[in-house]
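First comes the structure, then the notes that go with it.
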Number of protein chains: 2
Amino acid sequence: MSQVFKALGHPARRRIVEMLRAGPMTSGDIAAAFDDMTWPTVTGHLNALKDAGLVSTEREGASVRYRLRISAVEEAVGFLLELMGKAEPATDPKEAKNGNPA
Amino acid sequence: MSQVFKALGHPARRRIVEMLRAGPMTSGDIAAAFDDMTWPTVTGHLNALKDAGLVSTEREGASVRYRLRISAVEEAVGFLLELMGKAEPATDPKEAKNGNPA
DNA sequence: CTTGTAATTAGGATTTTTCCTAATTAGGCT
DNA sequence: AGCCTAATTAGGAAAAATCCTAATTACAAG
């Protein structure tokens, strides 16, 4: 969970996931959209997003396609909605930490 | 927006906002809930949350009460829902503070 | 004013993040 | 093979985050 929020804490990475909302893109296309940073820097951000589970990759010939993983977004949404009182805490045995009188 | 996500990227700070969901608390009560970090460290986290707009403060005698600011949470939710295709992009006057209709 | 409690700020050591250039891996093509 | 494009890794400098102890501010009560 920390990694997801941390990943979204950087403007460049938010911009990337926004771009991916329209559909998968290759590293090159993503990197080309940033004229203010180098390709390796973009790769670094993509790695951060991947480590957070926010994107997945598929190789396509010489290129690599990055795809948004909605399920990771849903996790974060769940936490926030719960914070707003609009969702119940996950009754997962794993992460249930708070006694929530809903 | 970066500050909100960054703030939520730390487990201690997520735990604090979760605690505040039940209602406002004083610094002392919050700090007392963390036996693994010192009071100044907790203050640091509270400052981060405040800078992000996630909490507000009111002095109450010698104590200071921290209150969760739902509106900041809503902003973040808006971004994520939009990412999931379940909400329209905010009518983007640069950085819409509050004016997000439904 | 002095003392005690609540809370924050100051200063600094350590770790992590960020972002560059240079080098490298991976794949396609002739 | 050799070469070109696509993409990532390596290495390191600079900046930011983390978290401590010590000092300080804010407030209430005697």
Side-chain angles (χ1 to χ4, degrees), chain A residues 1-20 22-69 72 76 79, chain B residues 1-20 23-69 72 76:
Chain A
M1 187 78 107
S2 284
Q3 279 181 305
V4 174
F5 282 119
K6 250 189 230 183
L8 295 171
H10 196 291
R13 291 193 291 257
R14 279 200 308 283
R15 199 174 134 195
I16 289 173
V17 292
E18 278 175 341
M19 283 171 25
L20 291 179
M25 294 174 70
T26 65
S27 315
D29 288 339
I30 297 168
F34 290 87
D35 54 353
D36 58 339
M37 52 179 80
T38 64
W39 193 336
T41 296
V42 172
T43 293
H45 287 308
L46 288 171
N47 281 338
L49 290 170
K50 194 173 181 186
D51 289 347
L54 278 163
V55 302
S56 61
T57 58
E58 314 146 38
R59 190 165 266 285
E60 178 185 1
S63 296
V64 176
R65 238 188 322 184
Y66 282 79
R67 182 187 305 270
L68 181 61
R69 286 192 65 245
F79 176 86
Chain B
M1 186 79 109
S2 284
Q3 280 180 304
V4 174
F5 283 119
K6 249 188 232 184
L8 295 172
H10 196 290
R13 292 193 290 257
R14 280 200 307 281
R15 198 174 137 196
I16 290 173
V17 293
E18 278 175 343
M19 282 168 40
L20 291 179
M25 295 175 69
T26 65
S27 315
D29 288 338
I30 297 168
F34 291 87
D35 53 353
D36 59 338
M37 52 179 79
T38 64
W39 193 336
T41 295
V42 172
T43 293
H45 287 307
L46 288 171
N47 281 339
L49 290 170
K50 194 172 180 185
D51 288 347
L54 277 164
V55 302
S56 61
T57 58
E58 314 144 38
R59 191 164 263 286
E60 178 186 3
S63 295
V64 175
R65 240 190 318 188
Y66 281 79
R67 182 186 306 270
L68 182 60
R69 286 192 65 242

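Please read all numbers here as calculations on a predicted model, not as lab measurements. We name chains A, B, ... by the order of the sequence lines, and we start the count at 1 in each one. All values below were derived from every heavy atom in this structure, side-chain atoms included, with hydrogens, water molecules and symmetry-related copies excluded.
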Which of residues 39-48 of chain B have a heavy atom under 4.0 Å from DNA chain C? B:W39, B:P40, B:T43, B:N47
The correct set of residues in residues 53-63 of chain B placing a heavy atom under 4.0 Å from DNA chain C is B:A62, B:S63
To the nearest Å, give me how far apart NZ (B:K50) and P (C:dA7) are. 13 Å
Could you tell me how far apart A:I16 (CD1) and C:dC19 (P) are, to the nearest whole angstrom? 11 Å
Considering non-hydrogen atoms only, spot the tightest contact between B:V4 and B:A52 and give its length. CG2-O, 3.4 Å
To the nearest 0.5 Å, tell me how far A:L20 CG sits from A:L54 CG. 10.0 Å
Within this structure, what is the CG-OG1 distance for the pair B:L46 and B:T57, rounded to the nearest 0.5 Å? 9.5 Å
Please produce a list of atom pairs where a protein N or O lies less than 3.5 Å from an N or O of nucleotides 11-17 of chain C.
| unit_1 | atom_1 | unit_2 | atom_2 | d |
| --- | --- | --- | --- | --- |
| C:dT17 | OP1 | A:K6 | NZ | 3.4 |

Quick one: list whatever passes ring pair (Phe, Tyr, Trp, His ring centres under 6.0 Å) with A:Y66, sequence neighbours left out. none
I need the residues from residues 29-38 of chain B with at least one non-hydrogen atom less than 4.0 Å from DNA chain D; give them sorted by number, or say none. B:D36, B:M37, B:T38
Determine all donor-acceptor pairs shorter than 3.5 Å in which one atom belongs to a side chain in residues 7-18 of chain A; sequence neighbours excluded.
| unit_1 | atom_1 | unit_2 | atom_2 | d |
| --- | --- | --- | --- | --- |
| A:H10 | ND1 | A:A12 | N | 3.0 |
| A:R13 | NE | A:A7 | O | 2.8 |
| A:R13 | NH1 | A:H45 | ND1 | 3.1 |
| A:R13 | NH2 | A:K6 | O | 3.3 |
| A:R14 | NH1 | A:L8 | O | 2.7 |
| A:R14 | NH1 | B:S2 | OG | 3.1 |
| A:R14 | NH2 | B:S2 | OG | 3.0 |
| A:R15 | NH2 | A:A33 | O | 2.5 |

Suppose we screen for side chain to side chain donor-acceptor pair (under 3.5 Å). Which residues come up paired with A:S56, at least two apart in sequence or across chains? none
Using side-chain heavy atoms (C-beta onward) and a distance below 4.5 Å, is A:I30 in contact with A:F34? yes
Please collect all salt bridge (charged side-chain N to carboxylate O under 4.0 Å, His left out) contacts where either partner lies in residues 51-62 of chain A, sequence neighbours excluded, each pair once. A:E58-A:R65, A:E58-A:R67, A:E60-A:R65
Which pairs pass salt bridge (charged side-chain N to carboxylate O under 4.0 Å, His left out) with one or both residues in residues 26-46 of chain B, sequence neighbours excluded? none
Between which nucleotides of DNA chain D, read 5' to 3', does contact with chain B run, using atoms under 4.0 Å from its heavy atoms? D:dA17 to D:dA28
